[in-house]
Colleague: 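Let me begin by handing over the structure; questions about it come next.
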There are 2 protein chains.
Amino acid sequence: MLRFSKRVEYGLMALLELDASANGGYLPVKDIAERHEIPQDLLGKVMQALTRAGYVASTKGMHGGYRLVQPLERVTVGKVIESLEGPVYLTPCCDDSKSCRQQDHCNIRRPILRVQEHLLRYISQLTLAEFREGDPRPIEMNIGEQCV
Amino acid sequence: MLRFSKRVEYGLMALLELDASANGGYLPVKDIAERHEIPQDLLGKVMQALTRAGYVASTKGMHGGYRLVQPLERVTVGKVIESLEGPVYLTPCCDDSKSCRQQDHCNIRRPILRVQEHLLRYISQLTLAEFREGDPRPIEMNIGEQCV
DNA sequence: AAAAAGGGGACCAGATTGGTCCTATTTTCA
DNA sequence: TGAAAATAGGACCAATCTGGTCCCCTTTTT
Ligand code: SF4
Ligand code: SF4
């Protein structure tokens, strides 16, 4: 399954919401969750992870919440995914520490590593700024026009 | 989790094996499974799916097995994935028939659709021929050099 | 002191995945 | 003609992953 997890989706939504509602102040999880119908507790966990990753900062207490610490231009989709669900590996063996029982006779390891390398390069250069509403820049890959 | 399923890995391995061992004859699942230490029954299911998808053909009985029906140049990674685990959707809402409770207030839907579009374009133009051992063509995406 | 907020551990239920087992059918060959 | 080898495919299961909830703690403001 090649799918974004809900954690990642919620993280991206929250970061964009913080960016859009930026008034210098802090926005509490409750508000973000209500605006986007996200389960509050779960979003709480996601925000905690984003805090540890250094993309947002928090204050407790009344009028507390989260605020962006970096401009979206410096937040990449790759890093967000990595923060929320660990390193991106297309296959177990891409993680050097792990292996699989097919490894010794595997005829797809190298090509898959190359695919992964390029997937990583793509999501590492794709910033959340390009997710802003009405962002004009198309997300292009220049891989030719033969789209099946 | 952005990971290839084992079914897909086994399918890709088998297709490449069929290509490499092509002597005009049929190669039984047993042989492929043994050579690559793949659980035989599971690979059986995978091959059935690839047959239905039209990439291989089979004969039963002694000296039976599978053979490639299309050259690897015409088999794309995207189609293999699609054959083995259904259509590729980065998020539930990418499937028009499904939706999610965040949909009405979602601020990432459009950008994610664009990302998916490009992911699809990439895997739809990537053929298994480029997976052959020693294939010289690098798998490039030309997205610039800012690899983080 | 109370309320509002984040930090974080424990836990649970449903879905997905990888894998096995069994039976039926077809084909070849001794 | 009967055994063996092979695909076709349904049923099923165990482990893992995922989304979500609950509870308790600390901090901050009012
Ligand atoms: S060695 Fe081959 S089968 Fe095993 S995880 Fe890597 S790519 Fe997949
Ligand atoms: S609507 Fe938004 S949250 Fe829902 S599946 Fe689509 S992208 Fe994800």
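Just so it is clear, the values below take in all heavy atoms, side chains as well, and ignore hydrogens, waters and symmetry mates. Chain A is the first sequence line, chain B the second, and so forth, proteins listed ahead of strands; every chain is numbered from 1.
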Colleague: Could you state the CD-P distance from B:Glu9 to C:dG19, rounded to the nearest angstrom?
Modeller: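 Those two atoms, CD and P, are 10 Å apart.
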Colleague: For C:dG7, does either OP1 or OP2 sit under 4.0 Å from a side-chain N or O belonging to A:Tyr66?
Modeller: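 For A:Tyr66, the contact criterion (side-chain N or O under 4.0 Å from OP1 or OP2 of C:dG7) is met.
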Colleague: Please give, in whole Å, the distance from D:dA8 P to B:Met47 CE?
Modeller: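 After rounding, the reported distance stands at 9 Å.
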Colleague: Heavy atoms, side chains only, cut-off 4.5 Å: are B:Val77 and B:Phe131 in contact?
Modeller: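 Yes, at least one pair of side-chain atoms sits under 4.5 Å.
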Colleague: What I want to find out is whether B:Arg132 reaches B:Glu73 closely enough, with some N-O distance under 4.0 Å, to be called a salt bridge.
Modeller: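 Yes.
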Colleague: Do the side chains of A:Lys6 and A:Glu9 get close enough for a salt bridge, i.e. N-O under 4.0 angstrom?
Modeller: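 Salt bridge flag = yes for A:Glu9 with A:Lys6.
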Colleague: Is the backbone N or O of A:Gln102 less than 3.5 Å from a side-chain atom of B:Glu37, with the two atoms forming a donor-acceptor pair by type?
Modeller: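 Checked: no pair found.
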Colleague: So which one's nearest nucleotide on DNA chain D is more toward 5', A:Gln40 or B:Gly64?
Modeller: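 Whichever sits nearer the 5' end wins; that is B:Gly64.
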Colleague: Quickly work out the A:Arg3 CZ to D:dG19 C1' distance and round it to whole Å.
Modeller: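 After rounding, the reported distance stands at 14 Å.
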Colleague: Between C1' on D:dG19 and CZ on A:Phe4, what's the gap in Å once rounded to a whole number?
Modeller: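 About 17 Å, once rounded to whole Å.
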Colleague: Using whole Å, what does the distance between atom C1' of nucleotide C:dT17 and atom CG of B:Leu84 come to?
Modeller: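 Distance, rounded to whole Å: 14 Å.
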Colleague: In terms of the nearest nucleotide of DNA chain C, which residue is placed more toward the 5' end: A:Gln102 or A:Gly65?
Modeller: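 Nearest-nucleotide comparison on DNA chain C picks A:Gly65.
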Colleague: I want to confirm an ordering. Mapping A:Lys6 and B:Pro28 to their closest nucleotides on DNA chain D, which one lands closer to the 5' end?
Modeller: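 The answer here is B:Pro28.
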Colleague: Donor-acceptor pair, distance only, cut-off 3.5 Å: does the side chain of A:Glu34 make one with the backbone of A:Asp31?
Modeller: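 Side chain of A:Glu34 to backbone of A:Asp31, a donor-acceptor pair under 3.5 Å: no, none is there.
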Colleague: Output one letter per nucleotide in nucleotides 25-30 of chain C: B when a protein non-hydrogen atom lies under 4.0 Å from the base, S when only the sugar-phosphate is that close, - when neither is.
Modeller: BBBSS-
Colleague: Expressed as a whole number of angstroms, how long is the span from B:Leu43:CG to D:dA6:P?
Modeller: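 Result: 14 Å.
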Colleague: Spell out, as yes or no, whether a donor-acceptor pair under 3.5 Å connects the side chain of A:Gln116 to the backbone of A:Leu90.
Modeller: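 Yes, A:Gln116 side chain to A:Leu90 backbone: donor-acceptor pair under 3.5 Å.
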Colleague: Check the distance between D:dT18's C1' and B:Leu2's CG and give it to me in whole angstrom.
Modeller: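 For the pair B:Leu2 CG and D:dT18 C1', the rounded distance is 15 Å.
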Colleague: Between the main-chain N or O of B:Tyr89 and the side-chain N or O of A:Arg3, is there a donor-acceptor pair closer than 3.5 Å?
Modeller: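 Answer holds: yes.
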Colleague: On a plain distance test, is the side chain of A:Lys45 in donor-acceptor contact with the base of C:dG9 below 3.5 Å?
Modeller: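 Indeed, a donor on one side and an acceptor on the other fall under 3.5 Å apart.
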Colleague: Check if the side chain of A:Gln48 and the base of C:dG6 share a donor-acceptor pair of N or O atoms closer than 3.5 Å.
Modeller: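 A donor-acceptor contact between them is absent.
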Colleague: Please state whether the phosphate of D:dG20, meaning OP1 or OP2, lies under 4.0 angstrom from any side-chain nitrogen or oxygen of A:Tyr10.
Modeller: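 Checking A:Tyr10 against D:dG20: at least one side-chain N or O falls below 4.0 Å of OP1 or OP2.
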Colleague: To the nearest Å, give me how far apart CG (B:Leu42) and C1' (C:dT17) are.
Modeller: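 It is 10 Å, rounded to the nearest whole Å.
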Colleague: With respect to the phosphate group of D:dG9, does any side-chain polar atom (N or O) of B:Arg52 fall under 4.0 Å of OP1 or OP2?
Modeller: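 Affirmative; the distance criterion is met.
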